[in-house]
Amino acid sequence: MANNASAGLTVDNKSTPEGLDGVIAASTRLSLVDGEAGRLVIAGYAVEDIAPKARFEELAYLLLNGRLATEPELTKFSAELAARRELPEATLLVLGEAARRSVPVIDALVMAVPTLLTSDGGDYQQSSLRLIAVLPTIVGSYWRLLKSQQPVAARADLSHAAHYLYQVFGTEPAPERTRALETYINTVCDHGFNASTFTARVIISTHSDVISAITGAIGALKGPLHGGAPGPALDMVLEIGRADRAESVIRAKLAGGERLMGFGHRVYRVRDPRADVLAAAAEKFYQTGGDRDLYQLARDVELVALRVLAEQKPGRRLDTNVEFYTALLLHGLGLPSVLFTPTFAVGRVLGWTAHCLEQLRDGRLIRPQSRYIGPEHSNFVAG
Ligand code: ACO
């Protein structure tokens, strides 16, 4: 049987590749990922055109409504999002308890999101808006609790991106810091059927609720093969420390069977276009602030890593992925590495919720099959 885009993942199970490479599980209008050309189109717009210029709220409206908002629509939509930033009491209680136990930030996020079930019921649209609006408050509040600081009250007078930085640092960010963060969350807001988006769509395809779907998606995101890579990517640059050490450290890592974090991708066979968008944003940002030497070192490390990967894995076409420059940009903004993956979630929650709504509108229960490779005729003897 051939791939069928509308059939909830239907393929001939004898030829299905492990890891579902190339399998079409649903149709989407949200984003196009062209791995051969290195192209990402978000709801019709090239990522390099829209991410550095648009407000996050514009992208949110686009993905949730299928078109850009008019100015009055955008004003109304931005206010609706801003009105949903506050945390319910139950969320604060869970975050407080998590902080007392020093739970990692990304795990605290996984724990906190289900507390929103009490306030949102089963309204898919309302839950989606609530999640997009509130994730920055959860991450910022928890980070402050972890450092024994009081969370700051949610504010409705800041843009979404500025509000996230405000929640984390407790002060209003300068415009260039807001722009850098906004370019980042725009760049990662959606990306086809990556593992976390697929997880969200599988959960919602049972007509469960959006909050459960996003809880599952965050769980999928945090793994180091997906959204957990930027922290280790930065660690590698810091470990290398000087450009003349890059070659020996990288060769030693590969010889020890390690993967270089921030390189390689399941779909892209050329450079991840998001890496270019974030590299340009980092280049601009590091002109005025941040550790310029670290930025230069990272660029040197990237060149060596690409050369050594091409030499050692010649058939694999490994290139820089989004996580390498994520690490650099977020580090420049002063975010600690434990906030890198949670910040990814702050951006990607837009795509997750948009996919949930699309799946509910157009999709079918996603129910693939497994290829059984165990014994079939073992004899069970009781007792
Ligand atoms: N460093 C070294 N070798 C690598 C890397 C890497 N970063 N990525 C892949 N390879 C090698 C594998 O070791 C394997 O080599 P082999 O054929 O000699 O055994 C070959 O390339 C194929 O690897 P697969 O695991 O089949 O590739 P897959 O498509 O499953 O991997 C992945 C994609 C998981 C992203 C991988 O490239 C990786 O682990 N990268 C590092 C982690 C990372 O940066 N993750 C973030 C991805 S972007 C995102 O999710 C937002």
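In this text the structure is predicted, and so the values were computed from the model without any measurement. Remember, it's 1-based here, ligands and their atoms both numbered in the order they're listed.
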So the atoms of ligand 1 within less than 4.0 Å of a heavy atom of L254 turn out to be 2 (C)
Is any side-chain heavy atom of L328 less than 4.5 Å from a side-chain heavy atom of L294?
yes
Record the part of L309 in heavy-atom contact with ligand 1 below 4.0 Å; permitted values are side chain, backbone, both and neither.
side chain
Using a 4.0 Å heavy-atom threshold (strictly under), name the region of V322 that reaches ligand 1: side chain, backbone, both or neither.
side chain
Heavy-atom distances under 4.0 Å are what count here, so tell me which part of E323 touches ligand 1: side chain, backbone, both or neither.
side chain
Ligand 1 contacted by P224 (non-hydrogen, < 4.0 Å)
yes
D21, portion touching ligand 1 at heavy-atom distance under 4.0 Å
neither
According to the interplanar angle, ranging from 0 to 90°, do the rings of H160 and F56 count as parallel (below 30°), tilted (30 to 60°) or perpendicular (above 60°)?
parallel
Using a 4.0 Å heavy-atom cut-off, say whether H265 meets ligand 1 through its side chain, its backbone, both or neither.
both
Over 60° means perpendicular and under 30° means parallel, so classify the ring planes of F198 and F193, tilted if in between.
tilted
Just to be sure I read this right, does ligand 1 sit under 4.0 Å from the backbone of F344, its side chain, both, or neither, counting only heavy atoms?
side chain
Part of V188 with heavy atoms under 4.0 Å of ligand 1, whether side chain, backbone, both or neither:
neither
